[in-house]
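Working notes, structure below.
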Amino acid sequence: MKTILYLLFSFSFLFSACTKKEILSPELQEAESLMRAYPDSAWTILKNMTVPDPMNQEEYATYCLLLVQARDKNYETHTSDSLINIAIDCFSGKGDPLRKAWSLYYGGRVYSDLRNTPQAAFHYLQAKELADQTTDYNLRALVSTNLGDLYADLKLREKAFELKLESLKYNELANDTLGYVYSLRDIGYEYRLQKQYDSAMWYYQEALNYSDLIQNNNVRNIVQLGIANVYSKKNLFKEVIIQVKNNISVNEYNLDAINFLLGETFFQLNNLDSALYYLLLAEKSDKIYVKTAAYNTLYNLEKRKSNYKDAYLYNEMYLQYSDSLYASLLSERVVEMEAKTNFLNLINIRERLKYQKAFQEQIYTYLLVSILFLFVGSYFIYQYIKRDREKKIIHIKKLIQRNKLKLKENRFIIEQNIELLSEKELQLIKNEVRQDQVQSLIQENKILKAEINDQEKLFSILLQKNSYSFF
């Protein structure tokens with residue numbers, strides 16, 4: 001029993017020693033505290049601090065993780081997986097699931113930038129599995145959002161939509177208003193693709209309401225552009241014009257999209273001069289899909305104006321860019337299909353591994369419970385036997401005590417009996433003497449009686465003789 005308790009104590013001590021969290025340097029602690037709200041300041045600290053000694057594995061791995069995190073939050077494209085793999089390798093063997101989950105999440109971000117979809121998916125799925133075991137809702141929201149984007153890129157829209165809904169819930173729990181706005185925007189976009197325009201408009205409007213709380217013009221522009229696209233899909237072209245003119249600030253990020261949207265909208269309203277103006281601006285875009293769409297609408301515009309020569313030229317440009325776009329899309333589609341196949345294979349493998357792991361955990365649980373029951377049962381049996389033996393010992397002690405008293409009483413009785421026996425023996429001796437005397441007297445009496453009888457007989461004879469003499 002003492003051996004078992006010693007082993008359990010030793011195991012718990014070793015486990016606590018293995019999972020002990022090392023104290024980080026002040027610079028790393030400051031960078032980590034600033035990372036969420038001021039990632040630029042965190043990045044400055046990390047770039048200017050002395051790189052930790054790689055021999056101090058946990059501190060060095062934390063430095064690598066924070067550096068990758070800072071690059072990501074400052075919108076720097078990841079070009080290598082070396083830093084994040086150091087963090088993943090270190091924290092995979094540690095007892096902190098949160099560090100490991102963050103490392104795996106940023107592994108997914110790195111591989112997404114490297115366009116390695118299977119590896120990105122692998123890391124996101126592992127991160128999700130670990131993050132779901134924590135209460136870090138910010139991490140859970142980020143994982144769901146990025147994994148949802150990956151599903152969307154692979155045209156797995158149903159799963160993508162499910163993950164977008166998850167991210168909305170986690171952003172709400174994390175009190176992350178900016179993340180919540182983006183989640184609402186993403187869900188609105190998914191509804192727009194499903195042609196459920198009323199639902200799309202509701203989510204876009206909710207996103208707009210919350211974007212007013214954070215006063216972020218870039219986010220507001222993104223949401224307003226989404227609303228304008230919903231109006232366009234619903235053929236509410238006048239509302240599109242009002243939305244763009246009154247509510248959207250044009251910048252380098254949305255310029256091409258707005259130019260084409262306005263050109264297409266004015267074309268649908270038959271305002272051909274305005275349409276031509278914006279379509280020619282859109283045609284100057286360096287984005288091939290914008291140029292292709294612009295040339296197609298320009299072809300239809302010139303044909304409507306009966307400018308067949310210009311229409312022919314625009315159609316030629318459209319066909320040329322369409323071929324390029326088709327080749328590009330075909331190449332992307334092949335890569336996408338390959339990535340999708342690899343991803344689905346990965347999902348199947350993970351599901352099998354998950355099933356095997358669950359089965360093994362079930363077996364281990366049964367074994368652990370059995371050992372626990374055996375241990376507890378043995379303990380209770382030992383205690384029962386111990387208590388029963390103690391009861392028997394107490395009972396025997398009581399019997400011994402009673403027997404001692406009984407023995408004492410018996411000794412007293414024996415002593416009394418010995419005294420009585422001695423008296424009886426004396427009395428018996430006396431009685432034997434008296435009995436001999438009595439026997440002697442009886443014998444004498446018998447002799448005397450015989451003599452008397454003889455004398456009586458003689459006397460009788462004498463009497464008879466005397467009587468005869470008398471007569």
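- Considering all non-hydrogen atoms of both residues, Asp81 and Tyr111 come closest at OD2-OH, 2.7 Å.
- With sequence neighbours excluded, the residues satisfying side chain to side chain contact (heavy atoms under 4.5 Å, CB included) with Ser274 are Phe266, Asn271.
- Using a cut-off of 4.0 Å between Lys/Arg side-chain N and Asp/Glu carboxylate O, Lys159 and Glu162 are scored as salt-bridged.
- Shown here for Ala141 and Ser167, the closest heavy-atom pair between the two residues is O-CB, 3.7 Å.
- Evaluation of the side-chain hydrogen bond (donor to acceptor under 3.5 Å, both in side chains) test over residues 230-241, restricted to residues two or more places apart or in two chains, returns Asp198-Lys234.
- Between Glu206 and Arg185, none of the side-chain N atoms (NZ, or NE/NH1/NH2) sits under 4.0 Å from a carboxylate O, so this pair counts as no salt bridge.
- One finds the OH atom of Tyr318 at 7.5 Å from the OG1 atom of Thr292 (value rounded to the nearest 0.5 Å).
- Residues satisfying the side chain to side chain contact (heavy atoms under 4.5 Å, CB included) criterion with Ile381, sequence neighbours excluded, are Ile385.
- Under the ring-ring contact (aromatic ring centres under 6.0 Å, His included) criterion, Tyr191 pairs with Phe161, Tyr203, sequence neighbours left out.
- Residues meeting the side chain to side chain contact (heavy atoms under 4.5 Å, CB included) test with Asp72, sequence neighbours left out: His78, Tyr106, Arg109.
- Taking both residues in full, the closest heavy atoms of Tyr204 and Val223 are given as O-CG1, 3.2 Å, listed atom of the first, atom of the second, then distance.
- Nearest approach of Ala120 to Gly108, heavy atoms of both residues: CB-O, 3.7 Å.
- Expressed to the nearest 0.5 Å, how far OG of Ser25 lies from CG of Asp53 amounts to 12.0 Å.
- Phe91 and Ser103 make their closest contact through CD1-OG, 3.3 Å (heavy atoms, listed as atom of the first residue, atom of the second, distance).
- Here salt bridge (charged side-chain N to carboxylate O under 4.0 Å, His left out) pairs that include residues 305-319, with residues two or more places apart or in two chains, number zero.
- Between Leu66 and Leu46, the shortest heavy-atom distance links the atoms O-CD1, 3.4 Å.
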